[in-house]
Every structure is written in structure tokens, then in C-alpha cells.
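To start, the structure itself, in C-alpha cells.
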Protein chains: 2
Amino acid sequence: MLQAMETLRYQPNLIARSLVTNSTKTIALISGTLKNGFFVETTDSIINLATKHGYKTMVYFEGEAKLKDIVNTVMGNKVDGILMSSILLDDPLFHEIEQSGIPYMFFNRRPRNGGNYVVLDNTRAGEMITKHLLDLGHERIAYITGEPTISTFLERETGFKKAMEEAGIEIDPQLVFVTNTTSAEVEKITWRLMNLDEPPTAIICATDTMALACMDTIMSMGLSIPDDVSLVGIDDIKISSHRAIQLTSIGHHKFKMGEIAAENLIEMIQQGERPKQLRQIVLQPELIVRKTTARRK
Amino acid sequence: MLQAMETLRYQPNLIARSLVTNSTKTIALISGTLKNGFFVETTDSIINLATKHGYKTMVYFEGEAKLKDIVNTVMGNKVDGILMSSILLDDPLFHEIEQSGIPYMFFNRRPRNGGNYVVLDNTRAGEMITKHLLDLGHERIAYITGEPTISTFLERETGFKKAMEEAGIEIDPQLVFVTNTTSAEVEKITWRLMNLDEPPTAIICATDTMALACMDTIMSMGLSIPDDVSLVGIDDIKISSHRAIQLTSIGHHKFKMGEIAAENLIEMIQQGERPKQLRQIVLQPELIVRKTTARRK
DNA sequence: CTGAAAGCGCTAACAT
DNA sequence: ATGTTAGCGCTTTCAG
């Protein structure tokens, strides 16, 4: 009988099994775009970890479809858990997800109140990276960020403002820009910034990926980093440590955020109970000084 | 009634629907690792295109589980189609996939005979990139590649050998290395290469990602590119064009391989018939000369 | 301990 | 047009 199954190459229909067991062995990953290297790293570690534990991963990237539709599909598909970076500070989706009873973990971004999540201590990251520049004598510091409806951006900027205020330095509103985080927009802003009568002596980009676009533009203009302007990012993605890039950045190091998110989710799934308490994990940032920052001339 | 459904937030159970319709609106993506920037770009475009067409994407990366197990799960899950880069030249999985009757497309890599695929003309790419170096006067050219059981690597190397032979230059076997494509191994090889009594004047890496690791190592050794050694890759991934990298490379440009693969697969799914003919698409490579190659001193 | 039957939540075919 | 029913391929329960 068992041999018969092998010779006939019997494959159980997992759809039918799911219908009765009410478990799909599938987790949904709703992630920011792979154009951002940070999400490349989380996606990679999440899928690998899920696979290792016998879970399939359904992947969605924000942008192509409406998030609400994605979440609905995900729920209709009876996934065992949800891993999601794409949540706003005040997002009606948060309550839908909570009420669904499906185990979930947010990562990188979080809702304003409550929820399970793993994030970087973004306020502290913003503060520390700014202090580094301040310590180097910079005062005219530009700040390029994304929408403040997203916790990551709001908190990093809060840290920036805090450090500036503590140093007693007024922020020039001409030097702070909210963008959609695309390279195209960062390039435009950088160009404008460096063409100012009085350009900044240092630039903070809210993510390493944005800093990379910024660097590209600065170099295209024939300017040099850090001689003409210092540049920093946040996240410390892989490519930032490349010898040809050497971007000063700040990130979490001992553990991978994607793995933490996936491990916690799988734990929640396997315990199977309604959560006794929220899982709110905040990773401490570590400054990595490389070659894109120098003392102000 | 319709309103009732809305107020009660009725979500149809897509699992149950799939069981009866025998269609899951899901495609499986079995991809090479995201550590390779090439697969970042294909994964991104594939998922986005699938989502746009109303398909969900189940993603697996090779390495974490045995490929055979992944393919079995995928089939048990009754996906509507399979997109796969992870196929060897002579791979028993190829026949299993063919016999399953599930529409599929291979991309980047292909089986030796038959199958639906979209690939770069890798032989030509290997040939062209080698000719570029030859034209610059290089003769002592190193070649770092991956396993030749994979079409991409076999064909690129074939192109390299062809160009060398046509130029009447003997390949020094001391200068060609097969690696597992990881940065760690490429670094080790590069170090050995540049410490040779007579180091190469140029290095070809079979992928841009490997070239990036190679560049990193060369720079760490205090050597300069292209003054001490010229360096090229193949794929022309995004980061290669960055002002701080400027890697000379070769790739396809007018279209994205991931999109072509996904579009063709979705077409096959929607036509619903047994394929009248194979889809074998080969993209023509285009050489992009940047700053990592120079005339031999 | 083995085998038959019920039922998961839908769709499609059929009858009203 | 509307409502009823069979059945998709499994797991689980219940009888034998």
C-alpha cells in the first residue's frame, strides 16, 4: 500500500487537507519594496526561516495593489500567520488584523499603540546618528526622510530634532525634505540641496537606500564625500559596508530583524492560544562609522 | 443581502473555492537567493506583475529545503503555474514538472534540452565581455565562476573560452576557479589570485554579485581598480551603475527578465490549453563599459 | 483495529 | 429568476 503510493507518485491535495484541518502551513509576508535593500534582507531571512520550519510564504509588496485588498485576500486564504512591515501609525487595517484573530507580527514599522512588533529603536538611532555629525562640528545638517505617517520616519526624525535641540542648534526648514523615498525623488532633492547658496555640510538620509541615491547624485555633481559634504544613512544594510561605498550608518547587529519576526510568529502559531501578552521587541542601534563622514572644514 | 455581507464582513473562504474550481490564483516562484542582486530584481518584478494580474505568489529560495521537496509541496498546493530559476542542465525535476501538466517558465537558467524559458544569451555575453578585455590588451585573464551544472555558468564560460581561443590566447588553468558563488569563497579566491607571482591583469566574474565581492577584496588589499587590475561582471544589476561602483558589465536592457517570465506564464495559464509549442526566449546582451576596465599597462 | 460516513465551505449543475 | 443538491479530496468520527 505504502509502496503503491510511491510508485503512483501520490501527492496529497493540500488544499483539501487545509479545508478540513483549518491550517494552511502558510504565512503571509506583506513587505516594503525590494528596491529598499533593507527589505531584501528581511525578505530573505523570513522566507528561509519559514521554509526551515515547514511553512510556505506568500509574498506581497506594497504599492502594486491596495493594502486593504491584500489583507482581505490573505485572510480569505486562511494563512496561519501574518508578517507585515507595511503598517501606518494610525492604520484602520491594524484593527482588522487584530480582530481576525490570526497571529501576526509587524516588523520595522509599528502602529502607534499596541500590536506585536519588532523594530529598531528609531528615535535613538536618529539621535545617535545626528550626534555623530554634531560631534564632527556640523551644524548645517540636511535631513531627507519619508512620510511621517510611518513610525520609522516619524521616530527617526524625532531623534534628529531632539539631538539638534539639545545641541542648541536651530534646524533650517530649508534643509528638511519629506520624499516618497524613491531614488528619483532623493536625487532631485539632493541636487537642489547642493545647489543652495549655502549648502549643508552634512546630510542625513532616513534610510541607507536613500543615502545611496544621495551619494550617487553628489558624486555625479563632481562633489566629493566626505570632503565637500558628509553623508549618513540609517539601517546599515549590507552594501553600505562595501569598500567602494563605506557609508557611515546605524543599525542593529547582533540579530536579524526578519528572523526575530518570523521566529516569534511561528512561536505564536504553534502555541495556538490567544496571546497572553503583546510581543513588542525593540532592537538597540549601534553606530558604524565608516568613510562618508568627516570633521567639518 | 449584499449589504448584509458587507456589514458582517463576509470573507469567502478561498481554500474552499479552490478545492472546487481547481484553481488557486497562485503561482509558485522558486528562485535563487536574494544574496544575488539579480534575483532581487526578478523577484521584485515577478511578484509585482503577478499581483497586478490578481495572482498570489508563493516564494521559495533554493538552499533551505531540498528542491524536490519544494516542488512536491508546490504541486500538492495546486498552484496555477510555476516560475523557476533553480533548474540544473540535467535535472530529473525537469521531467516531473513537465509531466505534472502545470504551466511553468524557467528563467535565467534552463535545462539542457527543451522546456519553456527566458534566459540571456549567456555564451554571447561571456564572449563579448571577454572580447572587451582582449581589446584592451589583456591576456592574463582570470575567470571566477559557479558550478557548470548550471546553464548560466556553463554557457558564460563557453563564451569566455571561445573568445580566448579565437584570440589565440592560451587560458592559464591556474586562473580559472569554480566556486559556490558566495562572497566568502569569491573573497578567498580573489586574495589567492592577487597574491600569485604573476597575478592576472584582468578578472571576469560570472555574475555582478561575485564581481562586487571581488572588488571589495581587491580594494581591501590596497589595490586599485582598474589601475592594478581590471574587473568585469555579467548581469548588469542595479548597483553596478552606482557612481561609487561603476562596474563594467553586460546584461539585457530593454526588458526585464522577471516580467517576461511572469507575463508568459500568466498567458499560458489563461489560455489553459496544453502548450502548442515551447516558449524559449533568449535575450540579447549589451555591453556597458564603465570604470572598472582599462587598457593593460 | 479496520472500514464506512460525515462534513469542511464553497461552486456548478440541476430542478423548481 | 430563484432555490436546492451533489461533490471537490481530504480528516475525523463513529460503527462494526
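Convention: sequence-line order gives letters A, B, ...; per-chain numbering from 1.
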So what stems show up for DNA chain D if we need 3 or more Watson-Crick or G-U pairs in a row, all under 3.5 Å?
-> C:1-14 with D:3-16
If you measure from the Lys or Arg side-chain nitrogens to the Asp or Glu carboxylate oxygens, is any gap between B/Glu64 and A/Lys56 under 4.0 Å?
-> no
Could you list where the contact with chain B starts and ends along DNA chain C, reading 5' to 3', using a 4.0 Å heavy-atom cut-off?
-> C/dG9 to C/dT11
Using a distance-only test with no angle check, is there a side-chain donor-acceptor pair under 3.5 angstrom linking B/Asp80 and B/Thr24?
-> yes
Rounded to whole angstrom units, what separation is found between the CG atom of B/Asn77 and the P atom of D/dC8?
-> 20 Å
Of the listed nucleotides D/dC10, D/dG9, D/dG7, the one nearest the side chain of B/Val20 | D/dG7
Is B/Glu62 paired with B/Arg109 through a side-chain N to carboxylate O contact shorter than 4.0 Å?
-> yes
Whole angstrom value for the distance that separates C1' of D/dG9 from CG of A/Asn22 | 16 Å
Mind calculating the distance between CZ (B/Arg17) and P (D/dC10) to the nearest angstrom?
-> 21 Å
To the nearest angstrom, how far is A/Lys25 atom NZ from D/dC10 atom C1'?
-> 17 Å
Paired with B/Phe106, the side-chain contact (heavy atoms from CB on, under 4.5 Å) test is passed by just one of B/Asp91, B/Ile97, B/Val118, namely B/Ile97
Does B/Lys238 pair with B/Asp208 as a salt bridge, N-O distance under 4.0 Å?
-> no
Provide, to the nearest angstrom, the distance between the CG atom belonging to A/Asn13 and the C1' atom belonging to D/dG7.
-> 14 Å
Hey, are A/Arg110 and A/Glu155 close enough for a salt bridge, meaning a charged N less than 4.0 Å from a carboxylate O?
-> yes
NZ (A/Lys25) and CG (B/Asn77) are apart, to the nearest 0.5 Å, by 12.5 Å
Taking side-chain hydrogen bond (donor to acceptor under 3.5 Å, both in side chains) as the test, write out the residues that go with B/Asn36, two or more places apart.
-> B/Thr209
